[in-house]
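First the structure, in the form of structure tokens, and then the observations on it.
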Amino acid sequence: MKIDVLLGLQWGDEGKGKIVDVLTPDYEIIARFQGGPNAGHTLEFEGKKYILRSVPSGIFQGNKVNIIGNGVVLDPALFKAEIEALELSVGSLNHRLLVSKKAHLIMPTHRLLDACYEAAKGDSKIGTTGKGIGPTYTDKISRNGLRVGDILHNFEEKYNIAKDKHIHILNQYGFDTSALDNIEKEWFDGIAKLKEFTLIDSEHYINDAIKQGKKILAEGAQGTMLDIDFGSYPFVTSSNTIAAGACTGLGVAPRNVGEVYGIFKAYCTRVGSGPFPTELFDKTGDKLREYGFEFGSVTGRPRRCGWIDLVALRYAILIDGVTRLIMMKSDVLDTFETIKACVAYEVDGQKITDFPFEVDDNLKPVYVEMKGWQTDMSKTLEEDRLPKEFSDYIAFLEKELGVPIHIVSLGPDREQTIIRK
Ligand code: GDP
Ligand code: IMO
Ligand code: MG
């Protein structure tokens with residue numbers, strides 16, 4: 001048995017949470033492999049909406065085991081708040097949510113460092129979520145981090161050593177640390193909550209499960225274009241969001257990866273700064289934002305919107321080795337008379353189809369324009385009843401991308417999903 005991976009192919013918020021929830025009945029274990037509470041994964045069913053930050057999106061479908069893997073960075077205070085809110089709807093989670101001892105802890109001072117580094121960048125801010133993600137992964141790589149397993153022995157001492165290093169840096173920047181006392185108290189309450197959970201060596205747990213033939217789904221956060229190596233650096237997050245991240249983030253060998261589900265929106269969005277070749281600054285962009293309700297689920301920030309970018313998508317499919325595509329939010333285009341797709345870029349009069357090292361104002365998208373379907377698809381549940389123009393759009397994308405579209409999503413609800421034959 002192999003482990004399947006589900007990840008975003010664009011700049012995040014593709015709808016990963018919804019689809020993990022839809023696919024969960026087919027799996028026994030769902031495991032998050034990277035990122036942290038910078039993620040906001042939305043699920044809707046039975047008239048209710050939930051936003052998950054650190055907890056995997058398999059938590060609502062039956063008694064499945066959900067794992068927070070070693071590649072994740074965890075903020076105990078936010079974890080506690082998330083768990084307490086969830087437990088009001090789904091009851092106790094202790095027996096079905098397991099946490100890797102090797103996951104790294106986001107400290108209160110990491111959050112301050114995130115804010116401090118952003119302020120110091122002036123006009124070239126990344127536009128981070130402010131959750132301390134970059135500084136926590138920095139400490140992991142520089143071998144200064146604290147891990148979940150550390151809370152079991154001599155924790156205060158390890159915490160104070162790490163905190164003092166951060167305070168030293170913050171003082172050098174003249175950054176105000178007076179908020180620290182308040183957030184520290186909440187944070188230690190979070191540590192107490194974390195101790196109520198089973199802390200595991202998740203790499204052993206997952207590899208044993210693979211041997212026993214159990215079906216496992218690895219859930220990504222963010223998207224391929226935010227990957228630390230292959231995204232639009234430095235306007236990226238600080239982890240490997242690509243399929244290979246599931247191997248390092250869970251301790252799974254590459255030969256044990258099966259299907260790679262790549263999710264994309266029928267158009268494109270981005271939050272925060274950084275290049276976005278197909279971004280629209282006109283009424284069409286506003287319409288995408290309004291109809292797609294494109295406001296960040298973590299920060300509430302309006303998302304930047306534009307047409308689908310097939311150059312960037314092909315690049316993501318290549319890096320991730322996607323075997324099945326999932327197209328989200330097609331219904332948002334229901335009223336558009338025409339729809340555009342970027343099939344190449346033009347740079348200094350030359351057409352290019354490989355995603356380049358640098359994306360700047362010289363680069364112009366080359367579009368193909370298609371007739372829209374102008375039909376409300378939000379209540380369509382069968383593939384045979386989809387409008388012809390939409391089926392043509394799917395066929396066009398499959399030809400351009402070279403991978404079959406396995407699922408189309410036509411609304412935020414669990415039920416508004418078509419799994420294709
Ligand atoms: P994630 O971070 O990839 O899980 O995505 P987010 O939850 O941040 O953003 C996706 C947003 O789109 C959420 O508000 C979802 O409820 C919503 N959504 C998901 N699929 C669809 C869809 O097919 N149509 C529409 N209209 N909304 C969708
Ligand atoms: P999900 O899992 C969209 C973006 C931030 C910023 C950059 C770096 O919900 O798809 P960070 O706080 O990670 O250091 O911010 O990455 N970003 C996301 N954008 N969806 C996300 O997660 C994101 N997580 C981080 O806006 O541009
Ligand atoms: Mg999101």
Side-chain angles (χ1 to χ4, degrees), residues 6-22 32-45 48-54 56-57 72-73 75 106 110-111 113-115 117-118 125-138 219-228 231-239 241 262-267 269-276 288 290-304 326-334 376-378 380 407-418:
L6 183 143
L7 42 69
L9 298 179
Q10 294 162 321
W11 282 280
D13 300 328
E14 296 89 350
K16 298 173 289 294
K18 167 177 167 167
I19 296 298
V20 170
D21 172 64
V22 166
R32 267 280 298 271
F33 59 86
Q34 46 67 235
N38 48 349
H41 294 180
T42 316
L43 285 76
E44 281 191 43
F45 54 89
K48 288 205 188 106
K49 178 170 164 171
Y50 302 88
I51 299 176
L52 299 172
R53 314 278 286 273
S54 301
S57 305
V72 171
V73 289
D75 182 325
I106 303 176
H110 284 134
R111 267 193 255 168
L113 283 168
D114 195 354
Y117 292 145
E118 279 286 83
K125 284 184 184 28
I126 311 272
T128 72
T129 57
K131 301 289 178 260
I133 305 296
T136 307
Y137 278 116
T138 302
E219 174 180 2
Q222 292 78 55
T224 301
M225 301 311 284
L226 288 170
D227 179 81
I228 184 74
S232 41
Y233 193 88
F235 301 101
V236 291
T237 191
S238 296
S239 64
T241 59
I263 300 205
F264 65 100
K265 286 181 196 178
Y267 52 97
T269 64
R270 171 162 207 174
V271 229
S273 327
F276 181 177
L288 286 171
E290 188 192 337
Y291 287 33
F293 199 67
E294 295 296 354
F295 298 90
S297 38
V298 173
T299 57
R301 290 180 289 180
R303 295 178 184 145
R304 299 157 65 193
I326 299 174
M327 178 158 69
M328 309 301 291
K329 305 191 90 160
S330 319
D331 55 297
V332 173
L333 302 177
D334 279 356
D376 175 2
M377 298 198 295
S378 62
T380 311
I407 297 177
V408 288
S409 173
L410 301 172
D413 194 274
R414 193 189 264 172
E415 305 294 331
Q416 293 169 296
T417 313
I418 296 181

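All figures in this text were calculated on a predicted structure; none of them were measured in a lab. Whatever order the structure lists ligands and atoms in, that order sets their numbers, starting from 1. Residues: numbered from 1 along the sequence shown.
- Scanning the protein for heavy atoms near atom 4 (C) of ligand 2, the closest one is L226 CD1, 3.9 Å.
- Which parts of ligand 1 touch G17 is read off a 4.0 Å heavy-atom cut-off, strictly below it: atoms 4 (O).
- For ligand 2, the polar-atom distance check against A221 finds no nitrogen or oxygen pair separated by under 3.5 Å.
- Residue S409 has at least one N or O atom closer than 3.5 Å to an N or O atom of ligand 1.
- When hydrogens are left out, the protein atom nearest atom 24 (N) of ligand 1 is D331 OD1, 2.8 Å; that is the closest non-hydrogen contact.
- Checked against a 3.5 angstrom limit, the closest N/O atoms of G40 and ligand 1 fall inside it.
- One N or O on the side chain of R270 and one on the backbone of P275 form a donor-acceptor pair closer than 3.5 Å.
- Listed for the K329 side chain is no donor-acceptor partner under 3.5 Å among the backbone atoms of S409.
- Given atom 15 (C) of ligand 1, the protein heavy atom at minimum distance is T42 CB, 3.9 Å.
- Near A39, the atoms of ligand 2 lying under 4.0 angstrom from a non-hydrogen atom of the residue are 1 (P), 2 (O), 9 (O), 22 (O).
- At the top of the distance list for atom 15 (O) of ligand 2, counting protein heavy atoms only, stands T128 CA, 3.4 Å.
- Ranking the protein heavy atoms by distance from atom 26 (O) of ligand 2 puts R301 NH2, 3.0 Å first.
- Contact between A39 and ligand 1 is absent, with no heavy atom of the residue lying under 4.0 Å from the ligand.
- Each of the following atoms of ligand 2 lies closer than 4.0 Å to a heavy atom of G272: 27 (O).
- Between the side chain of Q34 and the backbone N or O of A221, at least one donor-acceptor pair lies under 3.5 Å.
- Note that R414 lies in the cation-pi zone of F45, set by a 6.0 Å cut-off to the ring centre and a 45° limit from the axis.
- Side chains of W11 and R304 form no contact here, defined as non-hydrogen atoms less than 4.5 Å apart.
- Contact annotation: for W11 versus ligand 2, heavy atoms closer than 4.0 Å belong to the backbone alone.
- Residues I326 and K16 are not in side-chain contact: their nearest non-hydrogen atoms beyond the backbone lie 4.5 Å or more apart.
- Although no hydrogens or angles enter the test, the distance criterion places a donor-acceptor pair under 3.5 Å between the side chain of D334 and the main chain of M377.
- Among the heteroatoms counted here (N, O or S) of D13, OD1 is the one nearest to the Mg ion (ligand 3).
- Counting heavy atoms from C-beta on, the side chains of I19 and M328 come closer than 4.5 Å.
- Not a single N or O atom of Y291, backbone or side chain, sits closer than 3.5 Å to an N or O atom of ligand 1.
- Shortest contact from atom 20 (N) of ligand 2 to any protein heavy atom: D13 OD1, 3.1 Å.
- Near K18, the atoms of ligand 1 lying under 4.0 angstrom from a non-hydrogen atom of the residue are 20 (N).
- Protein heavy atom in closest approach to atom 23 (C) of ligand 2: Q222 CG, 3.6 Å.
- Here T417 contributes atom OG1 and L410 contributes atom CG; the two are 7.5 Å apart, rounded to the nearest 0.5 Å.
- Among all non-hydrogen protein atoms, the one lying nearest atom 27 (N) of ligand 1 is K329 CE, 3.4 Å.
- Only the side chain of H41 comes within contact range of ligand 2, with a heavy atom under 4.0 Å; no backbone atom does.
- Summarising the geometry of A266 relative to S330, their closest heavy-atom pair is CB-CA, 3.9 Å, with the distance given to 0.1 Å.
- Taken from CG in D21 to OG1 in T42, the straight-line distance is 11.5 Å, to the nearest 0.5 Å.
- The protein atom (non-hydrogen) at minimum distance from atom 10 (C) of ligand 1 is D13 O, 3.7 Å.
- Each of T128, I126, I228, I133 was checked for a side chain to side chain contact (heavy atoms under 4.5 Å, CB included) with T237, and the lone residue meeting it is I133.
- Residue contacts with ligand 1 for I51 are absent, since no atom lies close enough (heavy atoms, distance under 4.0 Å).
- Of all the atoms in ligand 1, the ones that sit under 4.0 Å from a non-hydrogen atom of E44 are 16 (O).
- Residue contact annotation: R303 has a non-hydrogen atom under 4.0 Å from ligand 1.
- Across K131 and P37, no two heavy atoms sit closer than the pair CG-O, 3.8 Å.
- Considering backbone and side-chain atoms together, V332 places no N or O closer than 3.5 Å to any N or O of ligand 1.
- Protein heavy atom at the shortest distance from atom 6 (C) of ligand 2 is G127 O, 3.2 Å.
- The I126 neighbourhood of ligand 2 comprises atoms 8 (C), 27 (O), with distances under 4.0 Å to a heavy atom of that residue.
- Between Q416 and K18, the closest side-chain pair of non-hydrogen atoms falls below 4.5 Å.
- Each of D227, N38, D13 was scored for a side chain to side chain donor-acceptor pair (under 3.5 Å) with Q222, with one residue passing: N38.
- Side-chain atoms of S232 do not come within 3.5 Å of backbone N or O of L226 as any donor-acceptor pair.
- The protein non-hydrogen atom at the shortest distance from atom 7 (C) of ligand 2 is V236 O, 3.9 Å.
- The Mg ion (ligand 3) has G40 among its coordinating residues (N/O/S atom, backbone or side chain, under 2.8 Å).
- Remark: ligand 1 atoms within the under-4.0 Å shell around heavy atoms of M328 are 20 (N).
- Residue-to-ligand polar distances place T237 within reach of ligand 2: an N/O pair is separated by less than 3.5 Å.
- F295 has its side chain out of reach of R303: every pair of non-hydrogen atoms, C-beta onward, lies at least 4.5 Å apart.
- By the 4.5 Å heavy-atom criterion applied to side chains, L7 and T241 are not counted as neighbours.
- A donor-acceptor distance shorter than 3.5 angstrom exists from the side chain of E219 to the backbone of S57, with no hydrogens or angles considered.
- Among protein heavy atoms, atom 12 (O) of ligand 2 sits closest to T129 OG1, 2.5 Å.
- Ligand 2 is never approached by S238 to a heavy-atom distance shorter than 4.0 Å.
- For K16, a nitrogen or oxygen atom sits less than 3.5 Å from a nitrogen or oxygen atom of ligand 1, counting backbone and side chain alike.
- No heavy atom of G8 sits closer than 4.0 Å to any atom of ligand 1.
- In this structure, K16 is part of the shell of residues with a heavy atom less than 4.0 angstrom from ligand 2.
- In terms of polar-atom proximity, defined here as any N/O pair under 3.5 Å, S273 makes no such contact with ligand 2.
- Judged purely by atom type and a 3.5 angstrom limit, R111 has no side-chain atom pairing as donor or acceptor with the backbone of I106.
- Close N/O approach between G12 and ligand 1 is not found [any backbone or side-chain N/O within under 3.5 Å].
- With K265 contributing its side chain and G15 its backbone, the two residues share no donor-acceptor pair below 3.5 Å.
- Side chain of Y137 to main chain of G35: a donor-acceptor pair is present (N/O by atom type, distance under 3.5 Å, no hydrogens or angles).
- For ligand 2, the polar-atom distance check finds an N/O of V271 within less than 3.5 Å of one of the ligand's N/O atoms.
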